[in-house]
Amino acid sequence: MGKSIDIELAQLRPKVLALTRKFFSSAHLDSDPEDIVQDVLLNLWRAKQNGTEIKNAEAWAVRATKNACISAWRKKTATAFSRLASPSANGNPDDKHRPSYDVVSDSSVLDRIRESEASAILQRTLEGFSDGTRKLLKLRASGLSLDEISAITGRSKGSVKSSISAARKTLIQSLG
């Protein structure tokens with residue numbers, strides 16, 4: 001069994017790496033894609049060692065890779081937003097109203113402006129959703145599965161999936 005897992009992981013590695021590189025390139029992430037590849041393949045290996053039945057390892061790896069890439073992007077975005085929102089580093093409350101004269105590159109400033117604009121667009125779009133849809137998105141963003149969200153909200157899994165999918169499409173269109 002161990003040999004077949006090793007072969008399967010070796011065959012999946014190029015696909016997972018290509019997917020991660022493509023995502024990192026399009027999302028302008030400067031992290032090392034190898035970290036995600038190793039995490040995904042290690043998690044797959046652990047799942048199989050623990051006896052988890054995985055019918056399609058490639059589909060599992062692709063889904064895990066996408067989720068890991070999105071998590072990396074969210075972490076980068078959250079870090080960028082916290083930098084934008086935080087006052088001066090020395091903690092003096094009067095300094096938050098003073099302009100900062102730190103030396104920054106033009107691309108860094110442009111990235112911050114783009115992130116800020118994207119955040120404002122997302123916020124306006126989210127405000128246009130119903131309370132129920134916002135709740136579904138928050139539950140999904142917190143890492144809950146569709147089954148867990150269905151149990152919490154009392155809605156069918158298909159209804160939850162459909163609502164989240166429609167909301168995501170609206171969010172993507174608002175950013176497009």
Next on the checklist: Are Leu42 and Val16 linked, directly or through intermediate hydrophobic residues, by side-chain heavy-atom contacts shorter than 4.5 Å (ILVMFWY only)?
Outcome noted: yes
Checklist entry - Would you say Thr133's side chain and Phe129's backbone share a donor-acceptor pair under 3.5 angstrom? => result no
Checklist entry - Looking at CZ of Arg46 and CD1 of Ile5, how far apart are the two atoms once the value is rounded to the nearest 0.5 Å? => result 13.0 Å
Item to check | Minimum heavy-atom distance between Pro33 and Thr20, given as atom pair plus value | outcome: CB-CG2, 3.4 Å
Checklist outcome for this item: Contacts satisfying side chain to side chain donor-acceptor pair (under 3.5 Å) that involve residues 145-155 (not counting sequence neighbours) are Ser145-Glu148, Arg155-Ser159, Arg155-Ser163
Please set out all donor-acceptor pairs under 3.5 angstrom arising from side-chain atoms of residues 135-142, sequence neighbours excluded.
| residue | atom | partner | partner atom | Å |
| --- | --- | --- | --- | --- |
| Arg140 | NH1 | Leu144 | O | 2.9 |
| Ser142 | OG | Leu139 | O | 2.6 |

Next on the checklist: For a side chain to side chain contact (heavy atoms under 4.5 Å, CB included) check, start with the C-alpha distance between Thr65 and Phe23, then their side-chain angles and the critical distance, and finish with the verdict.
Outcome noted: CA-CA 10 Å; Thr65 301; Phe23 184 91; over 6 Å; no
Next on the checklist: Are the side chains of Leu19 and Val37 in contact, using a 4.5 Å heavy-atom criterion?
Outcome noted: no
Next on the checklist: Rounded at 0.5 Å granularity, tell me how far NZ in Lys161 sits from NZ in Lys157.
Outcome noted: 7.0 Å
Checklist entry - Between Ile121 and Leu171, does a side chain to side chain contact (heavy atoms under 4.5 Å, CB included) hold up when you go through it step by step? => result CA-CA 9 Å; Ile121 291 169; Leu171 288 169; over 6 Å; no
Checklist entry - Hey, any chance Val62 and Leu41 share a hydrophobic cluster, counting ILVMFWY side chains that come within less than 4.5 Å of each other, even indirectly? => result no
Next on the checklist: On a heavy-atom basis, which atom in Pro14 and which in Ala10 lie closest, and how many Å separate them?
Outcome noted: CD-O, 3.3 Å
Checklist outcome for this item: Residues at least two apart in sequence or cross-chain that pass side chain to side chain contact (heavy atoms under 4.5 Å, CB included) with Leu44, listed by chain then number, are Leu9, Leu12, Lys48, Ile54, Ala57, Trp60
Next on the checklist: Looking at Arg134 and Leu126, would you say the former's side chain and the latter's main chain have a donor-acceptor pair under 3.5 Å?
Outcome noted: yes
Next on the checklist: Go through it in stages, so that I can follow the logic: the residues are Glu34 and Leu17, the test is side chain to side chain contact (heavy atoms under 4.5 Å, CB included), and I'd like the CA-CA distance, side-chain angles, deciding distance and then a yes or no.
Outcome noted: CA-CA 7 Å; Glu34 284 290 338; Leu17 182 59; 3.7 Å; yes
Checklist entry - Checking Ser162 side chain against Gly158 main chain: does a donor-acceptor pair fall under 3.5 Å? => result no
Item to check | Value rounded to 0.5 Å, distance of CD in Glu117 from CD in Glu115 | outcome: 11.0 Å
Checklist entry - Checking Asn50 side chain against Thr52 main chain: does a donor-acceptor pair fall under 3.5 Å? => result no
